[in-house]
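Written below as structure tokens is the structure these notes are about.
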Amino acid sequence: MLKEISLGLGAALLVFALIAGYDVTPFIFLLLVGGVFLYMANARGMLKGFGNTSRPEKKQEISFDDIGGQGSAIKELKEALDFIRNHREIQSLGIRPLKGILMTGPPGTGKT
Ligand SMILES: Nc1ncnc2c1ncn2[C@@H]1O[C@H](COP(=O)(O)OP(=O)(O)OP(=O)(O)O)[C@@H](O)[C@H]1O
Ligand SMILES: [Mg+2]
């Protein structure tokens, strides 16, 4: 809302200056440079708000139920997840924390 108003006001001011006989080319140039800068900052996710619609934070909705087959792999992964979730209890039992998981298998079987 505020953005639209200021945009309209700016445009009106520019047209007025043009009619009044001013040279508006430097202003247009400045606006273009500013626009390009904003666009780039937006694309890099540097701006919060200010109409930043790129890269919305999407919720991860894939669960273990989406994995077909791989019964034993799923079980192992769930165990590993328990290790990460209850890392304090696990550590108090003297078990070293998980450093990583290595997945092996033929191409296209759901490792990634
Ligand atoms: N077990 C599975 N259950 C459900 N979907 C699967 C399964 N395996 C593969 N897919 C589907 O196939 C696509 C490719 O799988 P993925 O990228 O995980 O394979 P990958 O094992 O990482 O292969 P690569 O070894 O080539 O990297 C996934 O995006 C998914 O849609
Ligand atoms: Mg992969």
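Everything numeric here is computed off the predicted structure, so don't read it as measured data. Each ligand, and each atom within it, is numbered from 1 in the order the structure gives.
- The protein does not reach atom 31 (O) of ligand 1 closely, with no heavy atom under 4.0 angstrom from it.
- A donor-acceptor contact shorter than 3.5 Å links the side chain of Q70 to the backbone of T109.
- Atoms of ligand 1 lying under 4.0 Å from at least one heavy atom of D66, given by number and element, are 3 (N), 4 (C).
- Going from atom CG of L77 over to atom CG of D82 covers 11.0 Å, rounded to the nearest 0.5 Å.
- Counting only heavy atoms, the protein gets under 4.0 Å from atom 2 (C) of ligand 1.
- Under the 4.0 angstrom criterion for non-hydrogen atoms, G108 is in contact with ligand 1.
- Around the CZ atom of F16, the shell of radius 6.0 Å holds no more than 12 heavy atoms that belong to other residues, nucleotides or ligands.
- In this structure, OH in Y39 is found 8.5 Å from CG in N42, a value given to the nearest 0.5 Å.
- The protein non-hydrogen atom at the shortest distance from atom 27 (O) of ligand 1 is T112 OG1, 3.8 Å.
- D66 places a side-chain N or O within donor-acceptor distance of the main-chain N or O of S63, the cut-off being under 3.5 Å.
- Within 6.0 Å of atom NZ in K111, more than 12 heavy atoms from other residues, nucleotides or ligands are found, so the atom counts as buried in its surroundings.
- Of the protein's heavy atoms, K111 NZ, 2.8 Å lies nearest to atom 25 (O) of ligand 1.
- Taking a cut-off of under 4.0 Å to the non-hydrogen atoms of G68, the atoms of ligand 1 that pass are 1 (N), 2 (C), 3 (N), 4 (C).
- Nearest protein neighbour of atom 15 (O) of ligand 1, counting heavy atoms only, is G110 N, 3.7 Å.
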